[in-house]
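Working notes, beginning with the structure itself.
Residue numbers run from 1 in the order of the sequence given.
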Amino acid sequence: MRKSINLFKYIIILSILLLTNSKTELTSKIIISVGNEIITNYDLAREMKYLSVITVGQFKNLNDHDSRKIAVDSLVKDKIKITALANYDNITINDELINNQVVRSSQNIGFRSIQDLKTYLEFEKYEFDEFKKKILLELKWNQLVFQFYKNQIIINKE
């Protein structure tokens, strides 16, 4: 009888461990790979949150299929940019430029101040540093594109 109880306890513990591991696998599922970079469902959830933040909730009005497609496309573009930028260590963006772009982005979204944006991000459970990283990636990408094509730019002052 005692062996049966111990065996029963062992089976329950083993079942719990297996179910817990299954849940862990679901939370870190790879959705797509871009070169050597991967995109997980966690990345997708964060991107959907970011897109919701920068559209002040309008992104949530899209149906699930469309919002996922837009978020995946955005993540793929970001991974391509990150991969390309990894080859160019000389691209640096100073803090003043980042802060100016944060202010502009904040105003474009509709906030009067950075503090209002931070309050909104906190309410939405999205980190301000994550927001700044997205802006930094865009600034670096723009700088890289400019470096490649600056000799081909012709400005007609008229």
For the pair D73 and K77, evaluate salt bridge (charged side-chain N to carboxylate O under 4.0 Å, His left out) and give the outcome as yes or no after the intermediate values. CA-CA 6 Å; D73 290 347; K77 289 175 187 175; over 6 Å; no
Could you tell me whether the side chain of I30 reaches within less than 4.5 Å of the side chain of I39, counting heavy atoms only? no
Which heavy-atom pair separates A84 from W141 by the least distance, and what is that distance? CB-CZ3, 3.8 Å
Mind telling me whether Y126 and Y50 have parallel, tilted or perpendicular rings, with 30° and 60° as the class edges? tilted
Can you tell me how far CG of D43 sits from CD1 of I32, rounded to the nearest 0.5 angstrom? 12.0 Å
In one Ile/Leu/Val/Met/Phe/Trp/Tyr side-chain cluster, 4.5 Å: V145, I91: yes
Side-chain contact test, heavy atoms from C-beta onward, threshold under 4.5 Å: evaluate it for I98 versus K132 and give yes or no. yes
Pairs of donor and acceptor atoms involving the side chains of residues 101-111, under 3.5 Å and at least two apart or interchain, shall be tabulated with distances.
from: Q101; atom 1: OE1; to: R104; atom 2: NH1; distance (Å): 2.6
from: Q101; atom 1: NE2; to: S105; atom 2: OG; distance (Å): 3.4
from: S105; atom 1: OG; to: Q101; atom 2: O; distance (Å): 2.9
from: N108; atom 1: ND2; to: R104; atom 2: O; distance (Å): 3.4

Between A86 and D89 the two heavy atoms that sit nearest each other are O-OD1, 3.7 Å
Do V56 and I114 sit in the same hydrophobic cluster, where Ile, Leu, Val, Met, Phe, Trp and Tyr count as joined when their side-chain heavy atoms come under 4.5 Å apart? yes
Output the distance between atom CG (N156) and atom CD1 (I154), rounded to the nearest 0.5 Å. 9.5 Å
Exceeds 12 heavy-atom contacts within 6.0 angstrom, atom CD of E124: yes
Distance, nearest 0.5 Å, that separates OH of Y88 from CD of Q147: 8.5 Å
Run through K79, K69, K134, E47 and flag the one making a side chain to side chain donor-acceptor pair (under 3.5 Å) with S74. E47
Heavy atoms from other residues, nucleotides or ligands near CG of N90 exceed 12 (cutoff 6.0 Å): yes
Say you draw a straight line from CG of D78 to CD of E37; how long is it, rounded to the nearest 0.5 Å? 11.0 Å
Kindly indicate whether the side chain of I82, heavy atoms from C-beta on, has any atom under 4.5 Å from the side chain of I80. no
Can you measure from CD1 (I93) to CD1 (I135) and round to the nearest 0.5 angstrom? 12.0 Å
Of all heavy-atom pairs between T83 and N87, which one has the smallest distance, and what is that distance? O-ND2, 3.8 Å
Looking at L44 and V72, what are the two nearest heavy atoms and their distance? CD1-CG2, 3.7 Å
Is any side-chain heavy atom of F131 closer than 4.5 Å to a side-chain heavy atom of I54? yes
Closest heavy-atom pair and its distance - E127, R46: N-NH2, 4.1 Å
Could you walk me through whether Y120 and F128 pass ring-ring contact (aromatic ring centres under 6.0 Å, His included), step by step? CA-CA 10 Å; Y120 177 70; F128 182 69; over 10 Å; no
When you look at NZ of K81, are more than 12 heavy atoms from neighbouring residues, nucleotides or ligands closer to it than 6.0 Å? yes
So, T119 side chain and Q115 main chain: donor-acceptor pair closer than 3.5 Å or not? yes
Roughly how far, to the nearest 0.5 Å, is the CG atom of N99 from the CG atom of L97? 9.0 Å
With distance as the sole test, does D66 use its side chain to make a donor-acceptor pair with the main-chain N or O of L62 at under 3.5 Å? no
Flag the pair D129 and K133 as a salt bridge only when some basic side-chain nitrogen lies within less than 4.0 angstrom of an acidic carboxylate oxygen. no
